[in-house]
Each structure stands twice: as C-alpha cells, then as structure tokens.
Amino acid sequence: RKEVEQDPGPFNVPEGATVAFNCTYSNSASQSFFWYRQDCRKEPKLLMSVYSSGNEDGRFTAQLNRASQYISLLIRDSKLSDSATYLCVVNPRGHNAGNMLTFGGGTRLMVKP
Amino acid sequence: NAGVTQTPKFQVLKTGQSMTLQCAQDMNHNSMYWYRQDPGMGLRLIYYSASEGTTDKGEVPNGYNVSRLNKREFSLRLESAAPSQTSVYFCASSEGLARETQYFGPGTRLLVL
C-alpha cells in the first residue's frame with residue numbers, strides 16, 4: 001500500500017463549481033499535512049498547510065480526519081486558473097530518513113469555461 | 001532572489017553516459033533535496049542534505065551520487081545512465097529538516113536512450 005494515496009483524476013468541472021479531493025495516508029503517527037499545487041511542466045509549490053482544526057484560505061478549505069487517516073481539499077467557485085495537479089503531502093514523523101515529506105501521486109483538476 | 005535554480009533544463013543521454021545535474025539556492029537554506037518524478041508515482045526522494053557537509057540516502061538512491069559543494073549548491077551525478085533513470089528531476093531546499101515548506105527548482109527533464 002502506498003504511504004499517501006490520491007485519486008489521479010482528472011476531475012473535470014465547470015467554472016464556478018465546487019470540487020473536493022481526498023487523500024489517505026497509511027502512517028497513523030504522521031504529524032504534518034500539506035497540499036502542494038503543481039502546474040503542467042512546472043515545479044510543485046506549497047498551497048496550504050492542513051491543521052487539526054481545519055483551515056481556510058480564500059476559496060480553499062483543508063480538513064484533516066485523523067481517525068480515518070485522510071485529508072481533504074475543497075475548492076469553491078472554481079476558476080480556470082485553478083487547473084493544475086494537487087499533491088497531498090505528509091510528514092510521517094518517525095520515518096527512518098528523518099523528517100522527510102512523502103508526496104502523493106497527485107490529483108489533476110481541469111476547470112472548463 | 002532567484003530561489004532554486006537547476007541546470008540543465010533538458011538533457012538526452014545514451015545508456016552508459018554520465019552527467020551531473022546542478023542545483024543552487026540563494027535563500028540561505030540549510031537543507032537541500034533531490035527528487036525524481038515519474039507519471040503516477042509522485043515525487044520520490046533520491047538523496048538529501050540536512051546541512052552543509054552531510055548527505056543521506058532517500059527512498060531511491062541506487063544509481064546516483066550527490067555532493068553538497070557548499071551551503072548554496074547540491075549536485076546529483078549519474079555515473080552510468082540507464083533508461084530507468086528517464087524522469088523529471090527536481091531539486092528543493094528548506095530552512096531545515098524540521099521546516100516542512102520546501103521550495104522547488106524548475107526541474108530537469110532527462111531522457112536516457
């Protein structure tokens with residue numbers, strides 16, 4: 001089983017729609033969680049951290065469910081510019097390589113006019 | 001600030017050839033990383049350097065070597081390239097291993113024939 005699993009998509013949604021992605025992680029000891037965004041043929045960039053209490057940044061909301069070991073990203077009022085691949089990232093504290101990040105394979109979002 | 005820079009952007013090698021991928025950061029970060037990204041696999045850590053003078057293996061180190069030349073520069077060497085090393089290579093840096101925001105370079109696309 002992969003340490004971090006995501007539905008690869010693509011999710012095709014119209015502009016203005018609300019879309020949500022989930023990501024599951026296998027290491028119950030994981031402490032920190034993030035969403036990164038990666039545009040086509042570009043490098044990943046941090047979108048937002050995911051806190052236990054959930055957090056919101058404009059149209060983006062991230063939630064953590066420790067009991068079920070998943071995190072989610074909700075995008076409201078989708079824009080064409082939201083089209084990208086969204087990477088779920090976990091810090092599996094206790095990993096034998098130190099405080100390393102583990103990346104999911106990404107979920108591709110395509111927002112259509 | 002250029003952030004993280006990588007050279008070259010593209011490279012085609014024949015099986016058995018060697019090459020070095022260069023990475024530099026101007027953010028005065030302590031930690032640097034090399035990842036490879038393959039379709040559906042997510043980013044996988046090849047090697048990392050927690051601080052100047054130290055390097056450690058990541059998840060997929062076989063076939064690669066690294067050098068932390070100074071605080072700014074971290075190079076990745078393929079001694080004898082194989083087709084399985086065809087991938088996109090990203091260098092990243094962070095303030096420290098415990099700092100989970102990593103900043104990525106633009107990537108090097110490598111094709112091994």
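Throughout, protein chains are lettered first and strands after them, A, B, ... in sequence-line order, and every chain is numbered starting at 1.
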Kindly give the heavy-atom pair with the smallest separation between B/Phe90 and A/Lys42, and that separation in Å. CZ-O, 3.7 Å
Above 12 or not: heavy atoms from other molecules or residues under 6.0 Å from CZ of B/Arg68? yes
Name the region of B/Gln37, side chain, backbone, both or neither, that has any atom closer than 4.5 Å to a heavy atom of chain A. side chain
Quick one: OH on A/Tyr36 to OG1 on B/Thr101, what's the gap to the nearest 0.5 Å? 5.5 Å
Are A/Phe34 and B/Leu43 linked, directly or through intermediate hydrophobic residues, by side-chain heavy-atom contacts shorter than 4.5 Å (ILVMFWY only)? yes
Quick check for you: to the nearest 0.5 Å, what is the distance between B/Phe104 atom CZ and A/Gln38 atom CD? 8.5 Å
Report which part of A/Gln6 has an atom under 4.5 Å of a heavy atom belonging to chain B: side chain, backbone, both, or neither. neither
Cluster check A/Val4, A/Leu73: I/L/V/M/F/W/Y, side chain < 4.5 angstrom: yes
Mind checking the CD-CD spacing from B/Gln6 to A/Glu43? Nearest 0.5 Å is all I need. 8.5 Å
Between B/Tyr48 and B/Met32, is there a shared hydrophobic cluster once you connect ILVMFWY residues whose side-chain heavy atoms come closer than 4.5 Å? no
If two hydrophobic side chains count as joined below 4.5 Å and joins carry through other members, does B/Tyr47 share a cluster with B/Tyr35? no
Flag yes if B/Tyr33 and B/Tyr64 sit in one hydrophobic cluster, no otherwise; membership is Ile, Leu, Val, Met, Phe, Trp, Tyr, and two members link when side-chain heavy atoms are under 4.5 Å apart. no
B/Lys71, NZ atom: more than 12 neighbouring heavy atoms under 6.0 Å: yes
Do the side chains of B/Arg44 and A/Phe103 get nearer than 4.5 Å, heavy atoms only? no
Contacting region of A/Pro8 [heavy-atom separation from chain B under 4.5 Å]: neither
Polar side-chain atom of B/Tyr103 near backbone of A/Leu46 as donor-acceptor pair, under 3.5 Å: no
B/Arg109 portion near chain A, given a 4.5 angstrom heavy-atom threshold: side chain
